[in-house]
Protein chains: 2
Amino acid sequence: MLSQKAKYALKALLVLSERPAGIPVQVVELAEQGNIPRKFLELIMLELKKHGIVYSQRGKHGGYMLAALPSEITFGQIVRAMDGPLAPIPCASLTAYRKCADCTNEKTCAVRIMMRRVRDAAAAVLDGTYLSDMSSEDMESLSDQKLTA
Amino acid sequence: MLSQKAKYALKALLVLSERPAGIPVQVVELAEQGNIPRKFLELIMLELKKHGIVYSQRGKHGGYMLAALPSEITFGQIVRAMDGPLAPIPCASLTAYRKCADCTNEKTCAVRIMMRRVRDAAAAVLDGTYLSDMSSEDMESLSDQKLTA
DNA sequence: CATAACACTACTATTTTGATAGGAATTATA
DNA sequence: TATAATTCCTATCAAAATAGTAGTGTTATG
């Protein structure tokens with residue numbers, strides 16, 4: 001499952017990614033745009049900052065800015081920052097491997113092998129898509145396509 | 001995340017799938033083979049039965065049997081039975097769609113579209129693999145391959 | 001009828017999730 | 001330099017989910 005936190009983070013960053021770079025956007029505004037509880041989003045933005053995905057300017061007229069171009073930030077980075085590894089089970093994770101307590105024979109564990117495949121499939125999608133690939137314009141034309149299909 | 005419950009279910013069913021069909025296997029034995037708490041596995045097997053994946057024989061010499069051939073039961077069926085829909089977010093689920101409370105414009109929601117892609121990728125793996133595809137023999141030779149690769 | 005198995009219900013401890021609250025620190029600007 | 005607006009930080013909390021455990025009921029078989 002994608003947590004609410006990760007969903008809110010994605011929504012906020014998608015909004016940010018359509019704003020002119022380098023001009024700070026306040027949490028209040030991101031919260032309004034995304035229908036997100038303001039105080040909760042504050043915590044989220046802080047965490048995104050600690051992960052180097054955004055940076056902030058404090059004080060009056062402060063706010064948050066992307067730390068890289070929208071074409072350089074993947075959905076995978078964001079989801080991992082919020083929810084941790086993509087793998088459904090720690091023993092199948094590349095970035096955060098951990099052995100199962102109940103596992104006797106990891107090399108031949110069908111569960112692990114399957115979950116590795118699931119991880120790889122999810123990673124292919126999430127690490128292969130950048131914020132810029134999902135601009136609201138693109139989304140509009142995507143939904144147009146569906147209507148005319 | 002894959003719950004412990006789902007992991008245990010997969011392990012137990014993989015064991016079952018290598019036994020001669022129609023001969024009941026007891027929970028105790030499945031629990032031992034998989035390093036699974038017996039009482040917990042009882043609940044799990046019961047739930048699998050309610051989902052029609054296994055059936056049971058009560059009384060002395062009773063136990064559980066697969067309700068179909070190992071070549072007819074997918075990992076997707078099992079995971080869904082234990083953990084619910086594969087989609088990371090309800091609004092991206094085919095089998096259990098639910099709208100997000102905070103969503104204003106579902107048609108153009110980038111989060112939903114991405115999570116649908118993730119769902120589809122996971123479903124392709126899990127619904128495309130049957131218990132019989134992951135026999136312990138296959139697993140052995142898979143790990144051999146890795147050693148000689 | 002004794003025994004071995006599943007079936008069912010209830011309970012519980014721990015962790016995670018999704019927030020909310022209050023104030024401290026920082027910065028722009030009037 | 002005062003003030004207002006903003007991020008930053010810490011604490012708290014309620015509800016839900018997770019991962020079990022326990023005890024008892026029910027049924028089939030020898």
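First the proteins, then the strands, lettered A, B, ... as listed; each starts at 1.
In this structure, B/Gln57 does not reach the C/dC6 phosphate: none of its side-chain N or O atoms is under 4.0 Å from OP1 or OP2. Residue B/Lys39 has no polar side-chain atom (N or O) positioned under 4.0 Å from OP1 or OP2 of D/dA22. At C/dT17, none of the side-chain N or O atoms of A/Tyr8 fall inside 4.0 Å of OP1 or OP2 (strictly under the cut-off). Between A/Gln4 and C/dG18 there is no side-chain polar atom (N or O) within less than 4.0 angstrom of OP1 or OP2. In this structure, A/Lys49 reaches the D/dC8 phosphate: one of its side-chain N or O atoms is under 4.0 Å from OP1 or OP2.
Comparing D/dT29, C/dA28, D/dT27 by their nearest atom to the side chain of A/His61 picks out C/dA28. Comparing C/dT9, C/dA7, D/dC9 by their closest approach to the side chain of B/Leu43 singles out C/dT9. When each of D/dT21, D/dA19, C/dC8 is scored by its nearest atom to the side-chain atoms of B/Pro37, the top-ranked nucleotide is D/dT21.
A/Tyr64 has its side chain out of reach of A/Ile53: every pair of non-hydrogen atoms, C-beta onward, lies at least 4.5 Å apart. Proximity of A/Leu13 to A/Ile73: side-chain heavy atoms (C-beta onward) are nowhere separated by under 4.5 Å.
Atom OH of B/Tyr64 and atom P of C/dA4 are 18 Å apart (whole Å). Note: CE (B/Met1) to P (C/dT15) measures 15 Å, nearest angstrom. We find that CD of A/Glu29 is positioned 10 Å from P of D/dT6, with the value rounded to whole Å. Protein atom CD of B/Glu42 is 15 Å distant from nucleotide atom P of D/dT24, rounded to whole Å. Atom-to-atom, CZ of A/Phe40 to C1' of D/dC13 comes out at 14 Å; the value is rounded to the nearest Å. As rounded to whole Å, 12 Å separates atom C1' of D/dT18 from atom CD1 of B/Ile44. In this structure, B/Met45 atom CE and C/dC8 atom P are separated by 14 Å, rounded to whole Å. What separates CD of A/Glu47 from P of C/dT17 is a distance of 11 Å, to the nearest Å.
One finds a salt bridge joining B/Lys39 and B/Glu42 here, because a Lys/Arg side-chain nitrogen approaches an Asp/Glu carboxylate oxygen to under 4.0 Å.
Contacts of A/Val28 with the nucleic acid, taken as non-hydrogen atoms under 4.0 Å apart, are absent.
Panel note: side chain A/Gln26, backbone A/Gly62; a donor-acceptor pair is recorded below 3.5 Å.
One donor-acceptor pair, N or O on each side, does fall under 3.5 Å between the base of D/dT26 and the side chain of B/Arg58.
For the pair A/Lys60 and B/Ser56, both in contact range of DNA chain C, the more 5′-proximal nearest nucleotide belongs to B/Ser56. Checking B/Val25 against A/Lys5, the closest nucleotide of DNA chain C that is more toward the 5' end is the one next to B/Val25.
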Requested in this report: Given side chain to side chain contact (heavy atoms under 4.5 Å, CB included), test B/Glu18 with B/Ser135 step by step and report yes or no.
Outcome: CA-CA 7 Å; B/Glu18 308 214 0; B/Ser135 74; 3.7 Å; yes

